[in-house]
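Reminder, nothing fancy here: chain letters follow the sequence lines and each chain counts from 1.
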Amino acid sequence: MADDRAPARFYERTLGQGPVEMVWLHGWGLSHDSLVGLARGFETRATNRLLDLPGFGATPMLAPGAGSADYAAALAAHLGPKTGPRVLIGHSFGARVAVRLAAADAAACDALVLIGGAGIRPPRPWPRRLRAWTIGRLVKLGRLAGPATQERLRRRFGSADYAQAGPLRATLVAVVNENLTEPATGIDCPVLLLYGAEDTETPPAVGEAYAAALPHGRLKVLPGFGHLDILSRGAHQCARHITRILDEICP
Amino acid sequence: MATAPAPKTTVAVFFGGRSVEHDVSILTGLQFLDALDTELFEPLAVYIDPQGQWWCGEALRRRSSYPLSGEPEALGIEPVTLPVGTALGDRPGLMVARKGLMGRSKVETIGFDVAVPALHGSNGEDGTIQGLFEFLRVPYAGCRPLGAAATMDKHFTKRALGATDIATLPHALVARPGRGTFLSEEPVKAALDQQMPGWAFPLLVKPRRLGSSVGVAPAADMDALMAALSKAFRLDDAALVEPLVANLVEYNVAVRATETGPVTSAIERPLHDGPTLDFAAKYRAGGGGPKLDDGPGEGMAAAGRALDPDELTDAQAAQIRRDAAAAFALFDLAGSVRVDFLCNGETGEIWLNELNTIPGSFAYYLWQAATPALGFTDLAETLVREGQALSAGRGGSTQADAGGATLFNRG
């Protein structure tokens, strides 16, 4: 859904000053704060732009139901054309936005880093598929008992993100049903894929699917880290891999 | 034909320990384990509990496992020992007793390639565990026993620095009264008169061999001095008494060795409200106890600081870097060593205060802000490789027949 309102006013925090522009895009339900620890490692080398994505932190939301392509368009308008080497770093939902932006405009960045990046559904075992199908039917049947009952069922069986999405629920539904395999195939720049081996939200299988779709994807699976602590406990190892990408595009 | 990947180096990180800095050491050890590049290294956590028992197990990687309680074995955490009185093999190993198929106990070995002491203060930063590793020919990272022991002793450190042009504060060493005698003013005054002529309040008391500002207390008068000494003597058998620097500003810098000599990191000015940076300000920044499972901004890394602060003149920064590097070389140190300085903010005078051979968080936050920057994962690899090289190059052969000093016929 296109947003025909005024361009989004992104909240932005800048750390460091350097020839490389690093744009940090956080995950669902988080804010730029979740990436500060990792970005601090690049203060002497890059100008780090940490953003609150629309609807999170201090940035107002886009129109209800906006998808990742709308987020990418709003982000492109906010960032403007790049004036030097630029790297987009996206965690989880932020990775969806980064993929959309890089796919839509080849000149938008010189490299991508996806950390626990979402956008391609991992293969699910049949019991989980059956459970999801059953819950979907149950929630639809709940409509017969009235909106309050249906809402209770959604909160009871929906994901934590879904239960807490509030006005962003339509956006959440839109983005989780997106498959970014096709856009990923058109991204021509190097893409570093960092996934925690213990990640159950976006397991390494998602990274493998991205690596298969991307022309220049490199997958690194980091043992011992999950979806969130890859940003904290795993930050140092992530930083080392990101530094290698920086060395390539800005020796 | 694809080549097989090089075998990973197993890095045993020792943390915890019998020290007042036990808890901070847990944070430092876990941070180091998390920072190790898992494409090159196999991390192995070795926890030393406050009673001195050594433990291994994957659950030790989780901060929520501490303090160990109940039955650690239920979490897969096993007691281990480092065999001392056995023939030395090619690869060091920890011994663990496990139950075999028929329920009979059997001893197995957890091998490793290099040890990293992440132990702060007593029984770890003071040369003791380094001496054990030397004795057992275990390759290890960081300072060798002599440098670690010398810099742990503040009195010895200042005596050694006194022979150089590195500025340090004057001090008096006051010994704990013998068993059956009480601490009294006269011998303390006599020690001050003899070792620090012209002394005046306010003074600062610090235990001789503890780190992390534990037991450090200012004294504005004789009553406070006696109270501070009593407190210090509960922790150590001697204490240093120094003038309390007016308009105190503290600066720290880290040093490490390179092929071309010692290099220094960014300089930090710790931010704190009190007259000195005490334990709480260092490790409980933000209030409460250390947070759990929450990432790199922890322990010493979480304390507030100004990096390469503006008020520091070029001459002052140069003095700090020069003195830190000179002290590092004097004591023949290795690893990432943090050197702490005291400064009178009004007069600009600077004195070297102490050297920390295993600083909190290995002072990675100072290297991360250095020019050129060095991330913690790169720093960790550097420390491991340096330790392996130092251990490999140690001394010569110690075989009994190597020096021609044999008396018994070996056939």
Side-chain angles (χ1 to χ4, degrees), chain A residues 15-20 22 26-27 30 33-48 91 113 115-116 192-198 204 218-247 250-251, chain B residues 8 13 26-45 57-64 265-266 290-299 301-302 305-308 361-362 364-383:
Chain A
L15 285 177
Q17 228 175 0
V20 185
M22 297 178 77
H26 61 80
L30 303 172
D33 279 335
S34 61
L35 297 165
V36 168
L38 187 48
R40 282 214 184 281
F42 298 94
E43 277 187 283
T44 59
R45 182 159 188 188
T47 303
N48 294 276
H91 171 236
V113 179
I115 305 172
L192 173 63
L193 303 158
L194 297 172
Y195 284 78
E198 316 301 325
R218 293 172 227 170
L219 174 64
K220 300 285 179 188
V221 178
L222 306 182
F225 302 116
H227 192 61
L228 292 178
D229 65 5
I230 194 170
L231 299 178
S232 49
R233 292 175 47 232
H236 304 298
Q237 290 195 55
C238 288
R240 169 126 143 175
H241 291 296
I242 296 171
T243 299
R244 286 176 183 158
I245 283 273
L246 292 188
D247 291 342
C250 189
Chain B
K8 291 183 185 179
V13 180
I26 294 174
L27 296 185
T28 296
L30 297 189
Q31 286 173 337
F32 194 92
L33 286 159
D34 286 338
L36 280 171
D37 186 339
T38 45
E39 289 187 339
L40 303 172
F41 302 112
E42 193 71 53
L44 174 66
E58 198 54 32
L60 292 170
R61 300 282 304 271
R62 294 195 294 270
R63 293 172 198 191
S64 50
S265 69
K291 293 176 287 179
L292 299 177
D293 291 327
D294 195 29
E298 286 204 343
R305 63 178 51 83
L307 291 164
D308 291 325
S361 306
F362 287 94
Y364 82 80
Y365 47 89
L366 294 177
W367 294 112
Q368 187 173 274
T371 308
L374 187 72
F376 196 5
T377 297
D378 290 316
L379 176 67
E381 182 179 359
T382 301
L383 301 185

Within a strict 4.5 Å, meaning less than it, do heavy atoms of the B:R61 and A:R233 side chains meet? yes
When the 4.5 angstrom heavy-atom criterion is applied to B:E42 and chain A, the contacting part is neither
The interface call for B:A370 against chain A, heavy-atom contacts under 4.5 Å, is backbone
Show your working on side-chain contact (heavy atoms from CB on, under 4.5 Å) between A:H236 and B:Y364 and close with a plain yes or no. CA-CA 10 Å; A:H236 304 298; B:Y364 82 80; 3.4 Å; yes
Counting heavy-atom pairs under 4.5 Å with chain A, the top scorer among B:T38, B:L30, B:L36 is B:T38
CG of B:D378 to OG1 of A:T243, rounded to nearest 0.5 Å, is 6.5 Å
Exactly one of A:H241, A:R240, A:Q237 clears side chain to side chain contact (heavy atoms under 4.5 Å, CB included) with B:E39, and that residue is A:H241
Handout entry: Heavy-atom donor-acceptor pair, A:T44 side chain to B:T371 backbone, under 3.5 Å
Key = no
Cut-off 4.5 Å, heavy atoms of chain B, and the answer for A:F225 is side chain
